[in-house]
Participant: 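The structure is given below, and queries will be raised subsequently.
Only this structure's heavy atoms are used, side chains among them; waters, hydrogens and symmetry mates stay out. Model, not experiment: these values are computed from the prediction.
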Amino acid sequence: MSKLTGRIAIVSGAGRGIGRAVVQKLAAEGASVVVNDLDPDPAEETVAAVKAAGGSAVACVGDVTEAGFAERFVRTAVDSFGGLDIIVNNAGYTWDTVIQRMTDEQWDDILDVHLKAPFRILRAAQPYIRASPAEHHRKVVNISSIAGLGGNAGQVNYAAAKAGLVGLTKTLAKEWGRYRVNVNAVAFGLIMTRLTEAPASADAGIDVRGRRIKVGVSAQLLDAMRTTVPLGRPGTPQEAAGAVYLLCLPESDYVSGQVVVCGGGLVI
Ligand code: NAD
């Protein structure tokens, strides 16, 4: 029997990058997973990859910031698999600039996706968790960033959201201990995904609510960032997923309210 056999998980932003790797890891260890992404095709590709490997997954396509999404996400787990044991709040993107150029919209969008959406998903899960206490511990893993712990120039919106998520994590660990839920966060350093890769072209970006937002960092900046990592290289999405997995295991049942930095040795 695998470590997570019988567990039911929801993972937001799981069509690509770290979220996809988290889904594949949890599913490989026996969990049934609800795969969310804003973009339908990547979400379905993640589901197909899990099924091809013999696992169990369904898609729940949608924008985590939309009203009513959180309830639909939680309900998909309960309706499809009969419960909810693991919640990974991962969806998000960056929309960077220095403070004097940052618009209210830029601030609000990033706070919405990285902080308000996890709050709503966890609030939507509470009635279910309260009504049907599990025999095992349930797990929440919120995805933060070293930018939320140490700040990062050009990211006041993102750093504030990711720092807020740490406050949410620590508070919910205190509220949900009585339900036997472990609530932790993983703060990533430099992980190679489209958020951190050199953009393929000058107009490369992501499409969110009808707007194209530039993501990625220049090769020069990437080289500079690489030199700050004690292990001397960026992490892979699979290594990032490994840190999330540790906090989903029964072996971490007495770890709650913590932030694990997965950053190749970076100390904040
Ligand atoms: P990614 O772009 O590869 O994957 C993120 C996924 O989230 C995408 O598939 C995207 O479509 C989806 N998404 C974005 N907005 C969404 C929304 N509103 N609703 C539903 N889905 C949405 O990026 P990634 O690097 O894998 O990022 C995953 C998480 O890790 C993010 O929260 C990010 O802030 C965090 N993080 C990443 C790094 C890094 O170095 N890559 C570092 C620190 C933190």
Participant: With heavy-atom distances below 4.5 Å as the criterion, would you say the side chains of Q126 and L122 are in contact?
Facilitator: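 No, every pair of side-chain atoms sits at 4.5 Å or beyond.
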Participant: For T236 and E239, indicate whether the former's side chain and the latter's backbone hold a donor-acceptor pair under 3.5 Å.
Facilitator: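 The answer is yes, because a donor-acceptor pair under 3.5 Å joins these two groups.
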Participant: Which heavy atom in S56 sits nearest to a heavy atom in V50, and how many Å separate them?
Facilitator: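 Minimum heavy-atom separation between S56 and V50: N-CG1, 3.6 Å.
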Participant: Could you report the tightest heavy-atom contact between A224 and T227, atom names first, then the distance?
Facilitator: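 The pair with the smallest heavy-atom distance is O-OG1, 2.6 Å.
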Participant: Identify the two heavy atoms, one from A219 and one from A198, that lie closest to each other, and give their separation to 0.1 Å.
Facilitator: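 Closest pair (atom of A219, atom of A198, distance): N-CB, 4.2 Å.
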Participant: Using a strict 4.0 Å threshold on nitrogen-to-oxygen distance, state whether R16 and D39 make a salt bridge.
Facilitator: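 Yes, this pair counts.
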Participant: Closer than 4.0 angstrom, basic N to acidic O: yes or no for E45 and R20?
Facilitator: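 Looking at E45 and R20, the cut-off is met.
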Participant: Are S252 and K139 linked by a side-chain donor-acceptor pair shorter than 3.5 Å?
Facilitator: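 S252 vs K139: donor-acceptor pair found between side chains.
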Participant: Is it the case that the side chain of N184 and the backbone of G257 share a donor-acceptor pair, with hydrogens and angles ignored and the cut-off at 3.5 Å?
Facilitator: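 At least one qualifying donor-acceptor pair exists.
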Participant: N142 vs T169, test: side-chain hydrogen bond (donor to acceptor under 3.5 Å, both in side chains). Steps then yes/no.
Facilitator: CA-CA 7 Å; N142 293 320; T169 299; 2.9 Å; yes
Participant: ring-ring contact (aromatic ring centres under 6.0 Å, His included) with Y245: which residues, sequence neighbours excluded?
Facilitator: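 Not a single residue meets the ring-ring contact (aromatic ring centres under 6.0 Å, His included) criterion with Y245.
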Participant: Classify the ring geometry between Y158 and H114 as parallel (under 30°), tilted (30 to 60°) or perpendicular (over 60°).
Facilitator: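 Taking H114 first and then Y158, their aromatic rings stand perpendicular (interplane angle over 60°).
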Participant: Hydrophobic clustering (ILVMFWY, side-chain heavy atoms < 4.5 Å, transitive) - are I86 and V255 grouped together?
Facilitator: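 Yes, same cluster.
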Participant: Has the side chain of T94 got a donor or acceptor atom that lies under 3.5 Å from a matching backbone atom of D96?
Facilitator: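 Here the side-chain-to-backbone pair does not exist.
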Participant: Okay, side chain of Q106, backbone of T103: is any donor-acceptor separation there less than 3.5 Å?
Facilitator: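 Flag set: sc Q106 to bb T103 pair under 3.5 Å.
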Participant: Of all the heavy-atom pairs spanning S2 and G30, show the shortest one and how long it is.
Facilitator: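 Here S2 and G30 meet closest at CB-N, 4.2 Å.
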Participant: Is it possible for you to say whether I87 and L115 belong to one hydrophobic cluster, with membership spreading through side-chain heavy-atom contacts below 4.5 Å?
Facilitator: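 Both belong to a single hydrophobic cluster.
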Participant: Could you list all the salt bridge (charged side-chain N to carboxylate O under 4.0 Å, His left out) pairs where at least one residue sits in residues 98-111, not counting sequence neighbours?
Facilitator: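 Found E105-R211, D109-R209, D109-R211.
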Participant: Using only atom types and a distance under 3.5 Å, with no angle test, would you say the side chain of R226 pairs donor to acceptor with the backbone of P234?
Facilitator: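 It does not hold such a pair.
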Participant: Looking at every heavy atom in both G82 and Y128, which two are closest together, and how far apart are they?
Facilitator: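 The pair with the smallest heavy-atom distance is O-OH, 3.7 Å.
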Participant: Tell me whether N90 contacts the main-chain N or O of I143 through its side chain, where contact means a donor paired with an acceptor under 3.5 Å.
Facilitator: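 No, N90 side chain to I143 backbone: no donor-acceptor pair under 3.5 Å.
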Participant: Check whether any side-chain N or O of T46 sits under 3.5 Å from a backbone N or O of A14 as a donor-acceptor pair, and report yes or no.
Facilitator: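 A pair under 3.5 Å: yes.
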Participant: Does the distance from a Lys or Arg side-chain N to an Asp or Glu carboxylate O, for E71 and R75, drop under 4.0 Å?
Facilitator: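 So E71 does not pair with R75 through a salt bridge.
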Participant: Within the 4.5 Å heavy-atom criterion, are N157 and M102 side-chain neighbours or not?
Facilitator: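 Answer yes - side chains close enough.
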Participant: Report yes or no: do L4 and V33 belong to one cluster of Ile/Leu/Val/Met/Phe/Trp/Tyr joined by side chain heavy-atom distances under 4.5 Å?
Facilitator: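 Yes: a chain of side-chain contacts under 4.5 Å links L4 to V33.
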Participant: Nearest heavy-atom pair of A187 and L149: which atoms, and what distance?
Facilitator: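 Closest pair (atom of A187, atom of L149, distance): CB-CD1, 3.8 Å.
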Participant: How many angstroms lie between CG in L266 and OG1 in T228, if you round to the nearest 0.5 Å?
Facilitator: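 The distance works out to 5.0 Å.
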Participant: Is the shortest heavy-atom distance from the side chain of W176 to the side chain of V140 under 4.5 Å?
Facilitator: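 SC-SC contact between W176 and V140 confirmed.
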Participant: Would you find more than 12 non-hydrogen atoms of other residues, nucleotides or ligands less than 6.0 Å from E135 atom CD?
Facilitator: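 Result for CD/E135: open.
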Participant: Are I129 and V141 connected into the same hydrophobic cluster when the rule is that any two of I, L, V, M, F, W, Y join if their side-chain heavy atoms are below 4.5 Å apart?
Facilitator: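 No, because V141 and I129 fall into different hydrophobic clusters, even though each may have its own neighbours under 4.5 Å.
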Participant: Any side-chain to backbone donor/acceptor pair from R7 onto L84? Under 3.5 Å, distance only.
Facilitator: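 Not a single qualifying donor-acceptor pair exists.
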Participant: Would you check if V47 and K51 make a side-chain contact, meaning some heavy-atom pair closer than 4.5 Å?
Facilitator: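 V47 vs K51: side chains touch.
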Participant: With F188 as reference, evaluate T193, V261, V244 under the side-chain contact (heavy atoms from CB on, under 4.5 Å) test and give the passing residue.
Facilitator: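 Of T193, V261, V244, side-chain contact (heavy atoms from CB on, under 4.5 Å) with F188 is met by V244 alone.
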Participant: T76 side chain to C60 main-chain N or O, any donor-acceptor pair under 3.5 Å?
Facilitator: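 No; judged by distance alone, with no hydrogens or angles, the pair does not exist.
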Participant: Show, in sequence, the C-alpha distance, side-chain angles and deciding distance for N182 and Y254, and conclude whether the side-chain contact (heavy atoms from CB on, under 4.5 Å) test is met.
Facilitator: CA-CA 8 Å; N182 300 87; Y254 208 60; over 6 Å; no
Participant: Do E251 and K3 pass the salt bridge (Lys or Arg N to Asp or Glu O under 4.0 Å) test, and can you show the C-alpha distance, the side-chain angles, and the key distance before you say yes or no?
Facilitator: CA-CA 10 Å; E251 283 83 349; K3 288 271 185 182; 2.4 Å; yes
Participant: Any chain of hydrophobic side-chain contacts (each under 4.5 Å) joining L190 to I146?
Facilitator: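 They do not share one cluster, since no chain of ILVMFWY contacts under 4.5 Å joins L190 to I146.
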Participant: With distance as the sole test, does D37 use its side chain to make a donor-acceptor pair with the main-chain N or O of G15 at under 3.5 Å?
Facilitator: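 Answer holds: yes.
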Participant: Between V35, D79, V34, which is the residue that forms a side-chain contact (heavy atoms from CB on, under 4.5 Å) with V58?
Facilitator: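 For V58, the side-chain contact (heavy atoms from CB on, under 4.5 Å) test succeeds with only one of V35, D79, V34, which is V34.
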